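Written out below as structure tokens is the structure these notes cover.
As the structure is a computational prediction, the values presented were derived from the model and not from experiment. Letters A, B, ... mirror the listed sequences (proteins, then strands); counts begin at 1.
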2 protein chains.
Amino acid sequence: MTKTKITEWSGCPARYAAGIFGDKWCFLIMRDVLLLGRRTYSDFLNSPEGISTNILANRLAKLEDAGILNRKIDPRKASRVCYFPTRKARDLLPTLISMMVWSTVYDETTEAPASFAAAYKSDPAETLAWYEAEIDRVDTEIFNTTV
Amino acid sequence: MTKTKITEWSGCPARYAAGIFGDKWCFLIMRDVLLLGRRTYSDFLNSPEGISTNILANRLAKLEDAGILNRKIDPRKASRVCYFPTRKARDLLPTLISMMVWSTVYDETTEAPASFAAAYKSDPAETLAWYEAEIDRVDTEIFNTTV
DNA sequence: AATTACACTTGCATATTGCAAGGAGAAATT
DNA sequence: AATTTCTCCTTGCAATATGCAAGTGTAATT
């Protein structure tokens with residue numbers, strides 16, 4: 001009986017997701033973009049977790065290749081770059097939020113208010129819509145600024 | 001202005017979750033336990049992704065320390081060990097499932113049927129209950145076997 | 001023209017991983 | 001009783017990935 005070893009990270013849906021979530025830094029960049037409104041290289045770099053510059057550049061390229069982030073010149077300042085979440089990225093919101101609900105239950109040192117999990121449970125769609133609107137707000141705010 | 005660097009992986013709910021999900025191997029072990037009914041060391045070892053023995057031992061210990069897996073002697077064979085999911089682990093099911101739904105949408109080589117995502121969207125609670133029941137079934141099957 | 005801001009890249013020491021081999025304890029086989 | 005097998009790791013070592021500090025190139029600012 002030969003044991004086949006998998007090298008392609010697609011096929012199995014959990015394995016495919018592990019390609020993004022199974023990396024600490026990709027994971028935190030997704031949090032920054034989807035939940036915290038961060039968009040630029042320096043935004044990510046200044047996150048309190050302290051990602052180093054080579055890893056950040058590497059992960060941003062990886063996420064762009066995966067069709068999750070969209071790299072664009074910042075209209076507010078042409079020497080700066082913004083990374084915008086695609087639809088594929090936005091569709092990760094339910095996953096991220098459900099993960100956060102879990103964390104608020106099991107991390108006794110959580111900084112998130114208990115109301116967060118409660119609000120999500122009572123009306124998941126509304127919570128989701130709120131985050132989507134926030135993403136829109138941040139993105140249009142950047143593009144409505146005249147140079 | 002001093003930049004504080006975070007070393008503790010709790011506090012922020014996304015960061016806390018990254019402690020489990022932000023590792024490819026922990027992630028896949030959770031899939032094995034929660035969705036594929038795998039419970040023993042050799043089950044995990046024989047997963048097609050091909051985890052090596054040192055990493056497997058390391059991650060099992062990590063997940064046990066985190067209160068996610070429960071290590072017990074296999075009643076079917078006393079020389080063997082089973083790793084059972086705790087309630088904390090089971091509560092990750094919604095997250096895992098929502099991740100799989102995302103993957104079935106965006107991985108064009110997915111092996112999962114399209115009906116999976118549809119079924120989940122039409123009745124999430126039922127899908128969830130089905131997986132919970134499966135976990136119960138596997139666990140009681142192990143414990144109802146007389147040596 | 002010189003300085004600053006920004007997004008990287010490079011080099012190197014350190015940490016983590018992957019792979020193959022080994023080992024210890026219990027059970028099954030001879 | 002001795003040997004083999006099964007199971008769960010541990011160890012050693014090479015390969016890879018990461019963290020950190022410094023440097024590079026381009027665009028804005030002064």
Side-chain angles (χ1 to χ4, degrees), chain A residues 1-9 15 18-20 22-29 32-33 38-65 69-84 142 145-147, chain B residues 1-7 9 18-20 22-29 32-33 38-65 69-84 142 145-147:
Chain A
M1 187 186 135
T2 42
K3 199 175 104 187
T4 318
K5 189 172 158 183
I6 296 279
T7 44
E8 258 310 315
W9 287 85
R15 202 166 55 225
I20 305 304
D23 177 88
K24 192 174 76 173
W25 296 119
C26 283
F27 188 100
L28 291 169
I29 291 169
D32 284 356
V33 170
R38 296 183 180 136
R39 292 291 181 273
T40 70
Y41 187 91
S42 28
D43 284 344
F44 305 131
L45 202 62
N46 292 327
S47 286
E49 287 84 11
I51 188 170
S52 46
T53 57
N54 54 346
I55 303 296
L56 176 55
N58 176 276
R59 295 304 193 277
L60 287 174
K62 184 182 163 185
L63 290 169
E64 202 195 349
D65 287 349
L69 294 181
N70 217 329
R71 194 181 186 280
K72 283 181 187 168
I73 301 296
D74 192 330
R76 298 169 301 187
K77 195 174 187 185
S79 68
R80 192 164 48 189
V81 174
C82 284
Y83 296 89
F84 295 101
I142 290 175
T145 311
T146 35
V147 193
Chain B
M1 187 184 136
T2 41
K3 196 175 108 187
T4 318
K5 189 173 159 183
I6 296 278
T7 45
W9 287 85
I20 305 304
D23 177 89
K24 191 175 77 172
W25 296 118
C26 283
F27 188 100
L28 291 168
I29 291 169
D32 285 356
V33 170
R38 296 183 180 135
R39 292 291 181 275
T40 69
Y41 187 91
S42 26
D43 284 344
F44 305 131
L45 203 61
N46 293 327
S47 286
E49 288 84 12
I51 188 170
S52 45
T53 57
N54 52 347
I55 303 295
L56 177 55
N58 175 277
R59 295 306 192 276
L60 288 173
K62 184 182 164 185
L63 290 169
E64 202 195 350
D65 287 349
L69 295 180
N70 218 328
R71 195 180 187 279
K72 282 182 188 168
I73 302 297
D74 191 330
R76 299 168 301 184
K77 196 175 188 184
S79 66
R80 193 164 47 190
V81 173
C82 284
Y83 297 88
F84 295 102
I142 291 174
T145 312
T146 34
V147 194

Distance check needed: C/dA7 C1' versus A/L69 CG, whole Å only. 15 Å

Specify whether B/W9 and A/W25 have parallel, tilted or perpendicular ring planes, treating 30° as the upper limit for parallel and 60° as the lower limit for perpendicular. perpendicular

Which nucleotide in the list C/dT17, D/dT7, C/dA7 gets nearest to the side chain of B/R80? D/dT7

Within the distance-only criterion (no hydrogens, no angle test), does the side chain of A/R39 pair as donor or acceptor with the backbone N or O of A/V33 below 3.5 angstrom? yes

How close or far is atom P of C/dA15 from atom NZ of A/K24, stated in whole angstroms? 14 Å

Base versus backbone protein contacts along nucleotides 21-30 of chain D [heavy-atom cut-off under 4.0 Å; B, S, -]: BB----SS--

Rounded to the Å, how far apart are A/R38 CZ and C/dC6 C1'? 18 Å

Listed nucleotide nearest any side-chain atom of A/S42, set C/dC8, D/dT18, C/dC6: C/dC6

Which sits closer to the 5' end of DNA chain D, A/I55 or B/A57, going by the nucleotide each is nearest to? B/A57

Please give, in whole Å, the distance from C/dC8 P to A/N46 CG? 15 Å

Nearest whole Å is fine: how far is C/dA21 P from B/L45 CG? 15 Å

What pairs with A/F27 under ring pair (Phe, Tyr, Trp, His ring centres under 6.0 Å), at least two apart in sequence or on another chain? A/F21

Of all residues at least two apart in sequence or in a different chain, which pass the side chain to side chain donor-acceptor pair (under 3.5 Å) check with A/D32? A/R38, A/S47

Whole angstrom value for the distance that separates C1' of D/dC8 from OH of B/Y41: 5 Å

Quick one: B/I51 CD1 to C/dC19 P, roughly how many Å, whole number? 11 Å

Contact list please: residues 58-65 of chain A against DNA chain D, heavy atoms, distance less than 4.0 Å, in numerical order. A/R59

Distance check, rounded to the nearest 0.5 Å: A/R15 atom CZ versus B/L28 atom CG? 8.0 Å

Going by the rule side chain to side chain donor-acceptor pair (under 3.5 Å), which residues pair with A/D43 if we only count those two or more places apart in sequence or in a different chain? A/T40

Phosphate contact (D/dC9 OP1 or OP2) by B/Y83 side-chain N/O below 4.0 Å: yes

Within less than 4.0 Å of OP1 or OP2 of C/dG18, is there a side-chain N or O belonging to B/W25? yes

Contacts of A/N58 that satisfy side chain to side chain donor-acceptor pair (under 3.5 Å) - sequence neighbours left out: none

Taking only residues two or more places apart in sequence or in another chain, which ones pass side chain to side chain donor-acceptor pair (under 3.5 Å) with A/N54? A/S52

Give the rounded distance in Å between these two atoms: CG of A/D23 and C1' of D/dG19. 14 Å

Pick from A/I29, A/D23, A/N70: which one makes a side chain to side chain contact (heavy atoms under 4.5 Å, CB included) with A/L63? A/I29

